[in-house]
Colleague: 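This is the structure I have questions about; it appears just below.
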Amino acid sequence: MAKPEKLIENGIRLDGRKPDELRHIKIKVGVLNRADGSCYFEFGGNKVIAAVYGPREVHPRHMQKSTSAVVRYRYNMASFSVEERKRPGPDRRSIEVSKVSRESLEPVIFQEYFPRSAIDIFVEVLQADAGTRTAGINAASIALADAGIPMKSLVSACAAGKIDDTVVLDLNKDEDNYGQADMPIAMTPEGNITLLQMDGHLTREEFGEAFELAKNGCKAIYELQRAALMEKYASQTEGDVVE
Ligand code: ADP
């Protein structure tokens with residue numbers, strides 16, 4: 001899309017959202033039979049799948065740690081996930097996204113429970129519309145829980161930023177392209193921040209405002225993550241009781 005004249009008019013964004021509104025979220029837990037845990041996560045125009053394997057043996061062996069598990073995270077964008085075909089395979093961006101996403105989840109995983117083993121997280125982006133790293137982290141956090149990996153808590157992620165001098169929650173692709181700032185964060189339900197990145201510029205006041213918006217977004221996402229896990233596991237527990 002060419003640069004629109006305005007990204008926000010009378011407090012309403014081009015996609016009809018208010019400044020503090022998240023895009024629509026859809027979550028499905030346990031979508032892959034061969035993974036130990038998995039999750040499909042739709043976040044506006046983003047569609048991602050996370051698959052978790054492990055704890056399992058580490059290959060190559062020299063990567064193993066004697067006192068804890070190694071957590072590996074591979075973020076990958078399908079070549080058909082963006083408007084112009086993306087060259088398949090890793091690039092600088094996906095390596096960076098993989099690293100920061102792994103670091104956003106490591107603090108909640110009890111890695112010391114599984115020495116010499118690996119916990120592998122794969123995130124495949126099927127459709128991208130800005131916010132794929134946060135969608136991936138949200139999906140991966142649920143997939144880890146679905147795999148039964150012991151964790152202190154879930155991790156929830158979303159971005160806030162600035163368009164047309166207005167601080168807004170959860171930028172879509174056009175807002176990301178033509179906006180002034182984008183700041184993805186990840187957070188535990190207790191409010192511990194495990195990811196904070198910033199693209200663009202915000203004043204100190206705007207940063208405070210954006211940070212509050214993003215934290216509220218994470219809280220709302222946490223409730224949806226929890227509900228999605230409950231939907232799968234509460235019904236199974238009820239089933240057990242009936243039997
Ligand atoms: P995030 O997806 O986490 O917001 P970026 O800010 O790096 O990460 O990317 C914003 C958006 O730009 C992506 O969601 C995607 O829609 C688009 N994009 C990223 N990389 C590419 C690429 N190689 N080719 C085309 N579009 C891309």
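For the single chain, residues carry numbers from 1 onward in sequence order. Atoms within each ligand, like the ligands themselves, are counted from 1 in listed order.
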Colleague: Between the side chains of Asn46 and Asp129, does any donor sit under 3.5 Å from an acceptor?
Modeller: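 Not at all, the side chains of Asn46 and Asp129 share no donor-acceptor pair under 3.5 Å.
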Colleague: Evaluate the ring planes of Phe41 and Phe43, with Trp represented by its six-membered ring, and classify them as parallel (under 30°), tilted (30 to 60°) or perpendicular (over 60°).
Modeller: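 It falls in the perpendicular class, over 60°.
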Colleague: Would you mind listing which atoms of ligand 1 come within a distance below 4.0 Å of any non-hydrogen atom of Ala128?
Modeller: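 Near Ala128, meaning under 4.0 Å from one of its heavy atoms, ligand 1 has 14 (O), 15 (C), 16 (O).
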Colleague: Just go through Glu84, Arg93, Glu96, Lys173 and tell me whose heavy atom is the nearest to atom 5 (P) of ligand 1.
Modeller: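 When every heavy atom of Glu84, Arg93, Glu96, Lys173 is considered, Arg93 comes closest to atom 5 (P) of ligand 1.
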Colleague: Would you say Arg87 touches ligand 1, if touching means a heavy atom closer than 4.0 Å?
Modeller: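 No, that is not the case, since the closest heavy atom of the residue is not under 4.0 Å from the ligand.
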Colleague: Where is the nearest protein heavy atom to atom 23 (N) of ligand 1: which residue, which atom, and how far?
Modeller: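 Atom 23 (N) of ligand 1 sits closest to the protein heavy atom Lys86 CG, 3.8 Å.
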Colleague: Under a 3.5 Å threshold, yes or no: a donor from one side chain and an acceptor from the other, between Tyr40 and Glu42?
Modeller: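 On atom types as modelled, these side chains qualify, holding a pair under 3.5 Å.
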Colleague: Using a 3.5 Å cut-off on N or O atoms only, is Arg133 in polar contact with ligand 1?
Modeller: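 Yes; the residue has a nitrogen or oxygen that sits under 3.5 Å from a nitrogen or oxygen of the ligand.
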Colleague: Could you tell me the residue and atom name of the protein heavy atom closest to atom 2 (O) of ligand 1, and the distance to it rounded to 0.1 Å?
Modeller: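 In this structure, atom 2 (O) of ligand 1 has Thr132 OG1, 2.5 Å as its nearest protein heavy atom.
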Colleague: Please report whether the ring centroid of Tyr53 lies less than 6.0 Å from that of Phe122.
Modeller: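 Close enough - the centres of the two rings lie under 6.0 Å apart.
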Colleague: Tell me, yes or no, whether the heavy-atom count around Lys86 atom NZ, taken from other residues, nucleotides or ligands under 6.0 Å, exceeds 12.
Modeller: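 Count over threshold, so yes.
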Colleague: Answer yes if the side chains of Gln197 and Glu96 hold a donor-acceptor pair under 3.5 Å, and no otherwise.
Modeller: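 Yes, side-chain donor-acceptor contact under 3.5 Å.
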Colleague: Could you check atom 27 (C) of ligand 1 against the protein and tell me its nearest heavy-atom contact, residue, atom and distance included?
Modeller: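 For atom 27 (C) of ligand 1, the nearest protein heavy atom is Val82 CG1, 3.7 Å.
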Colleague: Does the distance from a Lys or Arg side-chain N to an Asp or Glu carboxylate O, for Asp36 and Arg56, drop under 4.0 Å?
Modeller: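 Salt bridge absent between Asp36 and Arg56.
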Colleague: Give me the residue, atom name and distance of the protein heavy atom closest to atom 4 (O) of ligand 1.
Modeller: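 The closest one turns out to be Gly131 N, 2.7 Å.
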Colleague: Quick check on contacts: which atoms of ligand 1 are under 4.0 angstrom from a heavy atom of Asp176?
Modeller: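 Those qualifying, in numeric order: 6 (O), 10 (C).
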Colleague: Look at atom 13 (C) of ligand 1 and find which of Gly136, Ala159, Ala130 reaches it with the closest heavy atom.
Modeller: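 Closest candidate by heavy-atom distance is Ala130.
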